[in-house]
Amino acid sequence: MTIRVLLADDQALLRATFRILIDSCADMEVVAEASDGAEAVELTRAHHPDIVLMDIRMPGTDGLTATATLCADPDLSATRVLILTTFETEDYVAQALRAGASGFLGKDVTADTLLAGLRTVASGEALLSPGATRSLITRFLMAPAPDTHLASPERLADLTVREREVMALAAEGRSNTEIAEDLTLSPLTVRTHIHRAMTKLNARDRAQLVVIAYQSGLVRAMPPTA
């Protein structure tokens, strides 16, 4: 199955480079290009890509606003947003995840890492660049965002004990393989529990599941060290 990608970046040369890279893969294709957030929203609604590769800082409507708009649109529930930017600060990562992004990578990634990231997000998994998860969770995700439905502990009532256990470990940044080793389960069983939790909580993907875990109080982050 071909992964359909929409590129959203205000730099035409960068878009052209990404298009050449992505179109060179047998399992991917670029279906449209946008130079700002508003155009990204318009073209996404027109083409329904599997992934929007979104820059954060663009003229007019920025990438975070566009991401929030796309992820709030029920007609685009199958579309994932992967943020790719030079501004890899914890605040931007937190805002991107809260807006509904499925992943976040810096623009200094290698071509292989970018392509692997697109495939990861297309499969429904979350993607955070190395080292971002721990400090991000500690400083931002444990604080409920205003006016969000994600933070209600009552949302966890339908989860089984095992689903909560697996969800908590996933929120700590552990992979399915690592969770399987900790709980003496198979990776496939762990994946099943993750997907059942996502379904019950109406989470778009693993990234949103992490946000829900912290903002609902299922997992509590340690205070930041000096």
What's the spacing between [X] [atom1] and [Y] [atom2] if we round to 0.5 Å?
| X | Y | atom1 | atom2 | answer |
| --- | --- | --- | --- | --- |
| I51 | R119 | CD1 | CZ | 10.0 Å |
| D50 | M1 | CG | CE | 6.0 Å |
| L84 | F18 | CG | CZ | 4.5 Å |
| T69 | L64 | OG1 | CG | 10.5 Å |
| T184 | I179 | OG1 | CD1 | 13.0 Å |
| R162 | E165 | CZ | CD | 4.5 Å |

Report yes if the side chains of [X] and [Y] come closer than 4.5 Å at any heavy-atom pair, otherwise no.
| X | Y | value |
| --- | --- | --- |
| I22 | L7 | yes |
| R57 | D62 | no |
| L169 | E178 | no |
| V190 | L183 | no |

Least distance between heavy atoms, [X] atom then [Y] atom:
| X | Y | result |
| --- | --- | --- |
| A34 | L6 | CB-CD2, 4.4 Å |
| I56 | I83 | CG1-CG2, 3.5 Å |
| H48 | R4 | O-NH1, 2.9 Å |
| A168 | L218 | N-CD2, 4.1 Å |
| T2 | A26 | OG1-O, 4.4 Å |
| M54 | V81 | CB-CG1, 3.9 Å |

Any side-chain to backbone donor/acceptor pair from [X] onto [Y]? Under 3.5 Å, distance only.
| X | Y | result |
| --- | --- | --- |
| E39 | S35 | yes |
| D55 | A8 | no |
| D23 | V30 | yes |
| T79 | P49 | yes |
| R164 | L156 | yes |
| R80 | S77 | yes |

Distance-only check: which donor-acceptor pairs under 3.5 Å involve side-chain atoms of residues 40-47, not counting sequence neighbours?
from	atom 1	to	atom 2	distance (Å)
T44	OG1	A40	O	2.6
R45	NE	D73	OD2	3.1

Checklist entry - With respect to D9, which candidate in D36, T17, L14 satisfies the side-chain contact (heavy atoms from CB on, under 4.5 Å) definition? => result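 In the set D36, T17, L14, the residue that makes a side-chain contact (heavy atoms from CB on, under 4.5 Å) with D9 is L14.
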Next on the checklist: By the definition side-chain hydrogen bond (donor to acceptor under 3.5 Å, both in side chains), identify the one residue from H193, K200, H195 that meets it with E163.
Outcome noted: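 Result: among H193, K200, H195, K200 is the only option passing the side-chain hydrogen bond (donor to acceptor under 3.5 Å, both in side chains) with E163.
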